[in-house]
Amino acid sequence: MVAVLAVLAEPAQAAAPGDGPVPQVLLPSIGLGRADIALVINDADPASVETGRYYAAQRQFAPEQIVHVSFEPGQPTMPLAGFERIQSQLRAQLPTRIQAYALAWTLPYRVECMSITSALAFGFSRDFCAEGCQVTRASPYFDSPSSAPHTDLGLRPAMMLAGRNVEEVRALIDRGLRSDDRWPAGTAYLLSTGDRKRNVRADTYDAVRAQLRTSYALRRIDSNALEGAQDVMFYFTGAQQVAAVASNRFLDGAVADHLTSLGGMLTDSSQMSALDWLSAGATGSFGNTVEPCNYLTKFPDIAVLMRRYLGGETLIEAYWKSVRMPGQGVFVGDPLARPFGGVRIERKGRELVLRTHSLRPGRYAVQQAPGVVGPYRDLGPLVVGGVGVQEVRLPLASGTGVFRLLPLAPPPRR
């Protein structure tokens, strides 16, 4: 028999009680997990130590995933010599399986002309810098299918657990945890402002809506600010300053950023800081630490970010994969937040109903076996064609043990 797939427009609710035990279902691995992340703590910074310990406890990090370094706290920019010393420590101490970094500090956010998150990901290189309005070296991680960036691409993306004080960072961590696998039913707000230089992403909004309108609720609004919204899951705009940010209610796991030059100068910018989004309740944001000009390639591609996040990837993966030239930009938030992860399974009569966001578009083989070790027999093909909640109905028979879905290579072109 062939598995049947339907792509639903609305996120799923918790499954109702079924009628009988639920067989095991094995799905392809997607996204980074807790064991893939290294937490980096600056022992010379009391706030870093406190927030790092809290994150380690809440996310249950193993001791070998926690790296202690020491450098002068409170400075926006880290000297290159100091950075190279820290990077050498990390490379020497970390297991090769580590794929990404969580940085437990707010300062520094920059290493000379690179953001600290990009410098740690790629190593310091002036190819990722620009003087004036110039493009920079591109990231091989942009819109990549990889779930193991260090193994596949030789880089470790980083995200900062940042905030204006310890209480804000703890609240950020709590929001990230609460968001996991919740499938929040909110709205993506795409604001088109009157700021001609910074409103350039508005030209992409129609394409975003065309790609994702059946996957999540989207609203384009012609306004300089969003006020009083109670269901903000995504908020993208372009402005030096964004008014009334705190008047909105951000759902746990929410993503928000504004296209402007220096939003990544977290504590000393003449423009609105990316931290203001976190203070208002967002779980992730982005900003540039060095003048990027208004190149779209240096800011998040909204369609890529939403598609990856709604597809069950973690915040660090979705955000990093959305920026083609991230050398000057800093990523802030809870890297492990995954609001659209998880699988919900229910037995209904002679069918097993599986609902998940975490099947990438493509073709799959559906197989069944008495136990995990097999032998497996094919039930038929499955085609996943979009992003959103996907429902898979599997046939149940007496003695059914384990189902699994295996990705198939695309058919050759003729």
Is [X] reaching over with its side chain to a backbone N or O of [Y], donor-acceptor style, under 3.5 angstrom?
{"X": "Gln368", "Y": "Pro395", "answer": "no"}
{"X": "Glu351", "Y": "Lys348", "answer": "no"}
{"X": "Thr283", "Y": "Gly253", "answer": "yes"}
{"X": "Arg110", "Y": "Glu112", "answer": "yes"}
{"X": "Tyr55", "Y": "Ala102", "answer": "no"}
{"X": "Ser273", "Y": "Leu266", "answer": "yes"}
{"X": "Tyr295", "Y": "Cys133", "answer": "yes"}
{"X": "Asp45", "Y": "Trp105", "answer": "no"}
{"X": "His357", "Y": "Leu310", "answer": "yes"}
{"X": "Thr237", "Y": "His258", "answer": "no"}

So Met272 and Thr260, side-chain contact (heavy atoms from CB on, under 4.5 Å) or not? Walk me through it.
CA-CA 8 Å; Met272 175 175 156; Thr260 192; 6.0 Å; no
Which pairs, with at least one residue in residues 283-310 and sequence neighbours excluded, count as a salt bridge (Lys or Arg N to Asp or Glu O under 4.0 Å)?
Asp143-Arg307, Asp143-Arg308, Arg308-Glu313
Val366 pairs by side chain to side chain contact (heavy atoms under 4.5 Å, CB included) with which of Leu406, Val392, Leu394, Asp378?
Leu394
Do [X] and [Y] make a side-chain contact, defined as non-hydrogen atoms from C-beta onward lying under 4.5 Å apart?
{"X": "Met325", "Y": "Phe142", "value": "no"}
{"X": "Tyr364", "Y": "Pro28", "value": "yes"}
{"X": "Val353", "Y": "Glu391", "value": "yes"}
{"X": "Leu161", "Y": "Thr51", "value": "no"}

Between the side chains of [X] and [Y], is a donor N or O closer than 3.5 angstrom to an acceptor N or O?
{"X": "Gln328", "Y": "Ser118", "value": "no"}
{"X": "Asp152", "Y": "Ser146", "value": "yes"}
{"X": "Tyr109", "Y": "Asp268", "value": "yes"}

Interatomic distance, [X] atom [atom1] to [Y] atom [atom2] [nearest 0.5 angstrom]:
{"X": "Leu259", "Y": "Lys197", "atom1": "CG", "atom2": "NZ", "result": "13.0 Å"}
{"X": "Leu94", "Y": "Gln99", "atom1": "CG", "atom2": "CD", "result": "11.0 Å"}
{"X": "Arg201", "Y": "Leu190", "atom1": "CZ", "atom2": "CG", "result": "9.0 Å"}
{"X": "Ile30", "Y": "Thr356", "atom1": "CD1", "atom2": "OG1", "result": "8.0 Å"}
{"X": "Met306", "Y": "Phe236", "atom1": "CE", "atom2": "CZ", "result": "6.5 Å"}
{"X": "Met78", "Y": "Asn42", "atom1": "CE", "atom2": "CG", "result": "7.0 Å"}

Decide yes or no on side-chain contact (heavy atoms from CB on, under 4.5 Å) for Tyr216 and Val387, but give the supporting numbers first.
CA-CA 9 Å; Tyr216 209 72; Val387 177; over 6 Å; no
Dump the intermediate steps for salt bridge (charged side-chain N to carboxylate O under 4.0 Å, His left out) on Asp334 and Arg178, then the final yes or no.
CA-CA 11 Å; Asp334 178 358; Arg178 288 196 304 265; over 6 Å; no
Please check if atom [atom1] in [X] has more than 12 non-hydrogen atoms from other residues, nucleotides or ligands closer than 6.0 Å.
{"X": "Arg324", "atom1": "CZ", "result": "no"}
{"X": "Glu131", "atom1": "CD", "result": "no"}
{"X": "Arg220", "atom1": "CZ", "result": "yes"}
{"X": "Arg53", "atom1": "CZ", "result": "no"}

Taking the six-membered ring for Trp, are Phe331 and Tyr319 parallel (under 30°), tilted (30 to 60°) or perpendicular (over 60°)?
perpendicular
State which residue, out of Tyr309, Phe286, Phe122, fulfils the ring-ring contact (aromatic ring centres under 6.0 Å, His included) condition with Trp320.
Phe122
Criterion side-chain contact (heavy atoms from CB on, under 4.5 Å) on Tyr101 and Leu90, from CA distance to verdict:
CA-CA 10 Å; Tyr101 296 118; Leu90 294 177; 3.9 Å; yes
Do the numbers put Arg355 on top of the ring of Trp183, so that NZ or CZ is under 6.0 Å from the six-membered ring centre and no more than 45° off the axis?
no
Aromatic Tyr54 / basic Arg170 pairing, under 6.0 angstrom, 45° off normal:
yes
Asp276 and Arg164: salt bridge (charged side-chain N to carboxylate O under 4.0 Å, His left out), yes or no, with the steps?
CA-CA 9 Å; Asp276 289 336; Arg164 299 195 183 282; 2.5 Å; yes
With Asn199, which residues qualify under side chain to side chain contact (heavy atoms under 4.5 Å, CB included), at least two apart?
Ser192, Thr193, Ala202
Carefully, step by step, assess Gln58 and Asp174 under the rule side-chain contact (heavy atoms from CB on, under 4.5 Å).
CA-CA 8 Å; Gln58 295 301 101; Asp174 292 343; 4.1 Å; yes
